[in-house]
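For reference, the structure is listed below as structure tokens.
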Amino acid sequence: ACTNADFSDTAIQADVLGIYRRLHASPALSLTKTIFDMIEEHIEQGRELGAHFPPAMPWIEHRYRQAKAAFLASGLDLVPCFNDPMPGNFLISAEGAPNSRPMKLIDYEFASNNERAYELGVLFAEMFYDEAKTLELIEQYCGAVRPDMVARVMLNRALADVKWASWAVVNRKLNSWDFDYQKYGVWKYMRARQVMYDPRWESWLRQI
């Protein structure tokens, strides 16, 4: 199983994008569940359970609605998506040179037909890739750094953090595991706000 450290390896990065391209080119899955469906499901469930949302939640939801409206206006690029780029879900051979290790994906619990750019946005966010690395990997995946794809991925970095933050505050109510879901969720909301506060937010909305 990969670790976060493995994802700093350019060979591993190339393998991940390669296996994603194969998945995204596959026949449609039986379930279509977009990032917008996921976020709204988590927030609704959180409110039913009395979950603790941050004081800035109304503003976060305002930005969320802006992004949703822009994507629906431009049209979703729906493809089969994995949706859960936890490093341990990527398996590689324990032996051999990086380019000889066949990568496999496990744990398709969250898989669905979803926006292609979300798959990239959540991956780049989870692996803490900076903007330069993000642009490099978009070019690897698409063959070019297209402004519309950059905008779609950047918006989805924020949406990904809103999704997993909302999932976390819900699980704070549902699980008794020894894990601070609330702290994890609050941190994710903070990171989403960092992207949402970016002065390019409005231009990203227009570019998609």
Side-chain angles (χ1 to χ4, degrees), residues 16-46 57 59-86 89 105 107-127 129 131 134-168 170 188-189 191-198 200-208:
V16 172
L17 294 182
I19 204 168
Y20 271 0
R21 277 193 296 267
R22 288 171 54 197
L23 175 62
H24 298 165
S26 300
L29 300 175
S30 59
L31 173 68
T32 295
K33 191 171 188 179
T34 70
I35 177 55
F36 308 111
D37 298 325
M38 297 175 194
I39 288 174
E40 290 169 13
E41 179 181 78
H42 293 324
I43 291 176
E44 180 180 356
Q45 187 179 19
M57 196 64 190
W59 184 85
I60 292 171
E61 290 185 87
H62 167 68
R63 286 299 209 200
Y64 161 75
R65 288 190 294 270
Q66 287 182 318
K68 180 180 179 180
F71 272 99
L72 294 183
S74 68
L76 295 178
D77 181 11
L78 292 177
V79 296
C81 287
F82 186 60
N83 295 325
D84 188 18
M86 185 183 78
N89 288 338
L105 281 176
D107 190 358
Y108 285 78
E109 176 185 3
F110 296 108
S112 68
N113 302 312
N114 194 4
E115 161 64 37
R116 183 191 307 268
Y118 173 74
E119 187 92 287
L120 301 180
V122 67
L123 171 70
F124 300 161
E126 289 305 300
M127 301 309 154
Y129 293 147
E131 190 162 340
T134 294
L135 297 178
E136 175 189 325
L137 296 180
I138 288 174
E139 183 174 17
Q140 282 190 38
Y141 180 88
C142 297
V145 182
R146 304 195 323 257
D148 63 320
M149 191 61 169
V150 173
R152 295 176 85 91
V153 169
M154 294 305 295
L155 291 171
N156 271 292
R157 286 186 74 134
L159 295 176
D161 277 336
V162 173
K163 179 261 188 286
W164 287 106
S166 303
W167 171 88
V170 166
K188 287 278 190 181
Y189 281 128
R191 194 168 68 166
R193 288 169 63 193
Q194 184 178 25
V195 178
M196 291 172 165
Y197 274 124
D198 192 291
R200 296 168 293 179
W201 179 266
E202 298 291 342
S203 67
W204 288 332
L205 293 174
R206 291 192 296 270
Q207 286 172 7
I208 70 171

Stepwise side chain to side chain contact (heavy atoms under 4.5 Å, CB included) check, Met154 with Asp198
CA-CA 10 Å; Met154 294 305 295; Asp198 192 291; 5.8 Å; no
Under a 4.5 Å cut-off applied to non-hydrogen side-chain atoms, are Met149 and Arg116 in contact?
yes
Would Trp164 and Asp84 count as a side chain to side chain contact (heavy atoms under 4.5 Å, CB included) if you check the C-alpha gap in whole Å, the side-chain angles of each, and the deciding distance to 0.1 Å?
CA-CA 10 Å; Trp164 287 106; Asp84 188 18; 4.0 Å; yes
How are the rings of Phe71 and Phe36 set relative to one another: parallel (under 30°), tilted (30 to 60°) or perpendicular (over 60°)?
tilted
Below 4.5 Å, heavy atoms only, C-beta onward: do Arg157 and Thr134 meet side chain to side chain?
yes
Hydrogens and angles aside, do Arg63 and Gln66 bring a side-chain donor and acceptor to less than 3.5 Å of each other?
yes
Is any side-chain heavy atom of Asn89 closer than 4.5 Å to a side-chain heavy atom of Tyr108?
no
Tell me which one of Ile39, Val122, Ile43 satisfies side chain to side chain contact (heavy atoms under 4.5 Å, CB included) with Lys163.
Ile39
Can you classify the ring geometry of Phe82 versus Tyr20 as parallel (below 30°), tilted (30 to 60°) or perpendicular (above 60°)?
tilted
Here the gap from Leu123 atom CG to Leu17 atom CG, rounded to the nearest 0.5 Å, amounts to 7.0 Å
Which atom names give the shortest non-hydrogen contact between Leu159 and Ala67, and what distance separates them?
CD2-CB, 4.1 Å
Minimum-distance pair of heavy atoms, taken over all atoms of Arg152 and Leu76:
NH2-CA, 4.1 Å
So for atom CZ, which belongs to Arg65, do other residues, nucleotides or ligands contribute more than 12 heavy atoms lying within a distance under 6.0 Å?
yes
Are any of the side-chain heavy atoms of Asn114 and Thr34 separated by less than 4.5 Å?
yes
Determine, for Glu126 against Lys188, whether the closest basic-nitrogen to carboxylate-oxygen distance falls under 4.0 angstrom.
yes
Could you check, using the six-membered ring where one of them is a Trp, whether Phe110 and Trp167 have ring centers closer than 6.0 angstrom?
no
For a salt bridge (Lys or Arg N to Asp or Glu O under 4.0 Å) with Lys33, tell me which candidate from Glu109, Glu41, Glu115, Glu40 qualifies.
Glu41
Would a 4.5 Å heavy-atom cut-off, applied to side chains only, mark Tyr64 and Ile35 as touching?
no
Is there side-chain contact between Glu136 and Tyr129, with heavy atoms separated by less than 4.5 Å?
no
Salt bridge Glu131-Arg200, side-chain N to carboxylate O under 4.0 Å
yes
Sub-4.5 Å side-chain heavy-atom contact between Asn83 and Met38:
yes
Looking only at non-hydrogen atoms, find the nearest pair between Pro80 and Ala28 and report the distance.
CG-CA, 4.1 Å
Tyr141 to Leu120 - nearest heavy-atom pair and separation
CD2-CD1, 3.8 Å
Heavy-atom nearest pair, Ser166 first then His42, reads CB-CB, 3.6 Å
Ignoring hydrogens, what is the shortest heavy-atom contact between Glu119 and Cys81? Give both atom names and the distance.
OE2-CA, 3.2 Å
Separation of Leu105 CG from Ile19 CD1 (nearest 0.5 Å):
4.0 Å
Please walk me through it: do Asn156 and Phe124 pass side chain to side chain contact (heavy atoms under 4.5 Å, CB included)?
CA-CA 10 Å; Asn156 271 292; Phe124 300 161; over 6 Å; no
If you round to the nearest 0.5 Å, how far is CG of Asp161 from CZ of Arg193?
12.5 Å
Heavy atoms of other groups near Glu202 CD, more than 12 under 6.0 Å:
yes
